[in-house]
Amino acid sequence: MSYDLRHHMHVYEQLFGSIEHVTELIMQTNWEESSATREYWMNTPDPLYVIANTFNLCFVFLARSQSTTVLPLVSNMDGPSGMIFVGLIEELQHFIQLQLVDGCPLPPLHVQ
């Protein structure tokens, strides 16, 4: 994911407002070991764009405090290649992949 941040740095700089924030995200997503320590955990919605772009997916994030749908910012002409649904169990700070029934309503697009 840090490759996508570096490759499209100008897009993310406009989206997040500063090159410093993009650099922080590069450091946070630059993990390739088995289990990430706390400093590499996703703690804001910002990495959702990186996930959507890296994997060319529509990313649906569901949590009690905030749910959102994120589309890739940089994609091929065919659009997203699929969808992924992830839920957050906030009390445990634990993410799980979800399988939703066809036709269920999706949360609104992320405001950024």
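When reading the values below, keep in mind they use all heavy atoms of this one structure, side chains included, and skip hydrogens, waters and symmetry mates.
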Requested in this report: Applying side-chain contact (heavy atoms from CB on, under 4.5 Å), run through Met27 and Leu25 and close with a yes or a no.
Outcome: CA-CA 5 Å; Met27 298 302 294; Leu25 284 172; over 6 Å; no
Kindly give the heavy-atom pair with the smallest separation between [X] and [Y], and that separation in Å.
{"X": "Val86", "Y": "Leu98", "answer": "C-CD1, 3.9 Å"}
{"X": "Cys58", "Y": "Leu71", "answer": "SG-CD2, 3.7 Å"}
{"X": "Thr54", "Y": "Asp4", "answer": "OG1-CB, 3.4 Å"}

**Report entry** With Glu20 via salt bridge (Lys or Arg N to Asp or Glu O under 4.0 Å) - residues at least two apart
**Finding:** none
In Å and rounded to the nearest 0.5 Å, what is the [atom1] to [atom2] distance from [X] to [Y]?
{"X": "Leu109", "Y": "Thr69", "atom1": "CG", "atom2": "OG1", "value": "6.0 Å"}
{"X": "Tyr12", "Y": "Leu5", "atom1": "OH", "atom2": "CG", "value": "5.5 Å"}
{"X": "His7", "Y": "Asn53", "atom1": "NE2", "atom2": "CG", "value": "10.5 Å"}
{"X": "Phe61", "Y": "Ile51", "atom1": "CZ", "atom2": "CD1", "value": "9.5 Å"}

Report task. Check for a donor-acceptor pair, side chain of Ser67 on one end and backbone N or O of Pro107 on the other, with a separation under 3.5 Å. Result -> no
Query raised in the report: Would you say Leu106 and Phe85 make side-chain contact, with heavy atoms under 4.5 Å?
Result: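 Contact flag for Leu106/Phe85 side chains = yes.
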Query - Side-chain heavy-atom pair Leu62, Leu100 within 4.5 angstrom cut-off - result: yes
Requested in this report: Start with the C-alpha gap between Phe16 and Tyr49, add the side-chain angles, then the distance that decides, and say whether side-chain contact (heavy atoms from CB on, under 4.5 Å) holds.
Outcome: CA-CA 10 Å; Phe16 300 134; Tyr49 286 102; 4.3 Å; yes
Query raised in the report: Going through the checks in order, is the side-chain contact (heavy atoms from CB on, under 4.5 Å) test met by Met83 and Val60?
Result: CA-CA 7 Å; Met83 296 182 80; Val60 178; 3.9 Å; yes
Query - Partner set under side-chain contact (heavy atoms from CB on, under 4.5 Å) for Met9, not counting sequence neighbours - result: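 Counting only residues at least two positions away or on another chain, Met9 forms a side-chain contact (heavy atoms from CB on, under 4.5 Å) with Ile19, Val22, Ile26.
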Requested in this report: Return the set of residues passing side-chain contact (heavy atoms from CB on, under 4.5 Å) with Glu90 (not counting sequence neighbours), or none when no residue passes.
Outcome: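 In terms of side-chain contact (heavy atoms from CB on, under 4.5 Å), with neighbours along the sequence ignored, Glu90 is linked to Ala63, Arg64, Ser65, Leu88.
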